Amino acid sequence: MSEKNVIFGVMDCNNFFVSCERVFNPALEGKAVVVLSNNDGCSVSRSKEAKDLGIKMGTTAFNVQREFIDKGHPVEMCSSNYVLYGDMSRRVMSVLQSVVPDIEIYSIDEAFIDFSGMSKEQIDEKAKEIVCKVRKYTGIPVCVGVGHTMTLAKAANRFAKNFKGYNGYCHIDSDEKRIKALKLLEIGGVWGIGRRLSKILTARGIKTAYDFTKQSAYWVKKNLGVNGLRTYDELSGRADFGIEENAAKQSITISRSFGEMVKDKEQLGVAISNFAVSGAEKLRAQHSAAESVTVYITTNFFRNDLPQYYNTATIEFPEATNSTVEIVRECKRGLDSIFRDGFKYKKGGVILGGIIPENQVQQNLFVESSYDKMKNINNLLDSVNHKFGRNKLHLAVQGNTATFGDAAEKWQMRREHLSKNYTTNLNEIITLKV
DNA sequence: TCTGGGGTCCTAGGACCC
DNA sequence: TCTGGGGTCCTAGGACCC
């Protein structure tokens, strides 16, 4: 493996959600901007100006208002618009793939690239082309990092982001550069070392990635487990992670905090049913089926003044399914078994597990198969909703979701600063001022 | 005032078996 | 009667990622 010249790249969008908002609202350029989480809870993406002001990841909208805006620092807050970001992500990835075909999409704003076998000059050229073309065709600024392992490529990417001189591209291509980079990289900034581990390591005097690589493998394995050892190897230049085929997901979760607390079982049922519908759609979109579904509901554990309750129910399907009707029905049954009166519920969710390819579903001989009938209903739901918009055709148990966004239901999200679906909804297409 | 959502993987510990 | 030791399976919880 090592005789082949294996080289990894990682492309990462800068402040992705903020950058998406700016593409369609250029007035946000140069300003402190934050994108808020669901329910306008806390900041999840910040512009450079917002970071410079000292707004942290996870700062609540309330604190942004009180600590910054009210004190005379203007900050623009946007509700998150995942439909828009998802669509922009697809565009970014397709431009990337037109430059380098061999990629693995890792998250909404990030992809690994296989540069193996290319010369240094070829990689330089491709990487610069990625940065330039993605910006030109989508409006999104990105950085590319390159190295001999995925963890080193991530480190290079970090340098490309943090130092302007790189112009969005950094390549750790020699052992001298690797050591120099690792000495500058604080331990908490290493991919794979989170808050918890970095606290433990710092307490032992291990402050940089370089310090970490100077420990013995035995010590690392003993104290950080196998994952820590992998990171250790990767930083030392021994590749342990590889670019994988985009594997189908092993579980699918759909959960939301509610806009307002919900006491009522009917309302909870509407919310859970909607989660179940989304989950079934996701299953069908990736041509898979689930063997089981877990429903959970919880009160708000931040509220010490209220009685707390949390419970889950897992139901195994007689045979793996991706049918909206079946999944909704079983979720309702699950909810019936765990619902308790007298609590104010803050959040609920549906988790589909035991996911297998659709074409591997074992027909259970003891159950009268309704497979074909269900398939027809699902095809109808998918085709109508794809053509006319989400939830245009829905089940009665989903409630009044045709007016999704009107916040008619208490469980729906609060999104007071929502941008429009510029790219995906003809009715909200961008308006040009002339 | 309110503290997101969606994933993966590993480990420790209990239950059970011989 | 005693109280070892190994194995498997399952689950809850913890850690990480974006």
Side-chain angles (χ1 to χ4, degrees), chain A residues 10-17 34-46 55-67 69-70 77-82 85-86 89 104-112 150-151 154 157-158 161 187-201 221-231 234 240-241 244 246-261 275 278-279 282 286 292 294 296 298 300-306 310-312 314 346-355 413-416:
Chain A
V10 60
M11 181 212 71
D12 191 312
C13 301
N14 304 352
N15 316 328
F16 182 56
F17 299 165
V34 301
V35 172
L36 302 171
S37 63
N38 284 328
N39 287 313
D40 293 342
C42 63
S43 129
V44 291
S45 178
R46 303 155 295 153
I55 300 175
K56 300 261 182 293
M57 200 72 172
T59 301
T60 58
F62 170 80
N63 272 325
V64 171
Q65 181 72 44
R66 193 180 63 181
E67 302 297 328
I69 300 174
D70 290 351
M77 293 196 274
C78 306
S79 300
S80 43
N81 185 343
Y82 287 99
Y85 310 150
S89 173
E104 179 206 345
I105 296 171
Y106 181 72
S107 74
I108 194 165
D109 72 332
E110 192 174 328
F112 284 100
M150 288 167 77
T151 306
K154 288 283 287 185
N157 186 282
R158 213 178 158 87
K161 271 218 170 62
I187 190 68
V190 172
W191 189 48
I193 306 289
R195 273 231 321 273
R196 185 71 204 274
L197 289 180
S198 84
K199 209 172 157 188
I200 294 171
L201 293 170
K221 168 75 168 55
K222 188 158 172 269
N223 291 280
L224 281 74
V226 294
N227 284 327
L229 192 62
R230 283 186 194 136
T231 299
E234 286 252 322
D240 199 348
F241 302 124
E244 279 149 37
N246 266 327
K249 299 210 189 326
Q250 294 175 35
S251 70
I252 291 174
T253 304
I254 306 91
S255 69
R256 292 283 181 283
S257 294
F258 305 135
E260 283 177 43
M261 290 199 273
F275 301 156
S278 304
K282 287 186 183 187
Q286 65 170 36
S292 69
T294 299
Y296 75 88
T298 180
N300 184 353
F301 278 80
F302 291 107
R303 290 288 298 266
N304 301 323
D305 54 324
L306 295 176
Y310 165 81
N311 209 347
T312 74
T314 298
K346 180 60 184 170
K347 185 178 179 181
V350 167
I351 303 164
L352 293 157
I355 292 180
M413 287 189 288
R414 225 177 358 246
R415 296 200 293 183
E416 288 172 7

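Chain A is the first sequence line, chain B the second, and so forth, proteins listed ahead of strands; every chain is numbered from 1. Note that the structure is a prediction, hence the values are computed from the model and not measured.
OP1 and OP2 of B:dG4 both lie 4.0 Å or more from every side-chain N or O belonging to A:K347. The phosphate of B:dG7 (OP1 or OP2) has a side-chain N or O of A:T253 nearer than 4.0 angstrom. The phosphate of B:dC9 (OP1 or OP2) has a side-chain N or O of A:Q250 nearer than 4.0 angstrom. Residue A:K154 places none of its side-chain N or O atoms closer than 4.0 Å to OP1 or OP2 of C:dC17. Contact annotation: A:S107 side-chain N/O to C:dC17 OP1/OP2 distance is not under 4.0 Å. At the phosphate of B:dC10, OP1 or OP2 sits under 4.0 Å from a side-chain N or O atom of A:R230.
A:I252 comes within 4.0 angstrom of sugar-phosphate atoms only, judged by non-hydrogen atoms across all strands, and of no base. A:R303 comes within contact range of no nucleotide atom at all, as no heavy-atom separation falls under 4.0 Å. At a threshold of 4.0 angstrom between heavy atoms, the contacts of A:D109 are confined to the sugar-phosphate backbone, with no base atom among them. At a threshold of 4.0 angstrom between heavy atoms, the contacts of A:I193 are confined to the sugar-phosphate backbone, with no base atom among them. Nucleic acid contact for A:S80: none, since no nucleic acid atom lies under 4.0 Å from a heavy atom of the residue. Nucleic acid contact class of A:V190 (heavy atoms, under 4.0 Å, all strands): sugar-phosphate only.
Rounding to whole angstrom units, CG of residue A:D305 and C1' of B:dC2 are separated by 13 Å. The interatomic distance linking A:R195 (CZ) with C:dC16 (P) rounds to 8 Å, in whole Å. For A:M57 and C:dC17, the CE to P distance is 12 Å, given to the nearest whole Å. Across the protein-nucleic acid pair, A:I254 atom CD1 and B:dG6 atom P stand 7 Å apart, rounded to whole Å. In this structure, CG of A:L229 is placed 16 Å from P of C:dC16, rounded to the nearest angstrom. Distance A:R256 CZ to B:dG7 C1': 14 Å, rounded to the nearest Å.
Here the side chain of A:K221 pairs no donor or acceptor atom with the backbone of A:V226 at under 3.5 angstrom. At distances below 3.5 Å, at least one donor-acceptor pair connects side-chain atoms of A:E234 with backbone N or O atoms of A:D240. No donor-acceptor distance shorter than 3.5 angstrom exists from the side chain of A:T151 to the backbone of A:T231, with no hydrogens or angles considered.
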Worked verdict on A:Y310 versus A:K347 for side-chain contact (heavy atoms from CB on, under 4.5 Å): CA-CA 10 Å; A:Y310 165 81; A:K347 185 178 179 181; over 6 Å; no
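Residue order along DNA chain B, read from the 5' end via each residue's closest nucleotide, puts A:F62 first among A:F62 and A:F258. Comparing A:S37 and A:K221 by the nucleotide of DNA chain B whose heavy atom lies nearest to each, the residue mapping closer to the 5' end is A:S37.
Between A:E110 and A:K154 there is a salt bridge, since at least one side-chain N of the basic residue sits less than 4.0 Å from a carboxylate O of the acidic one.
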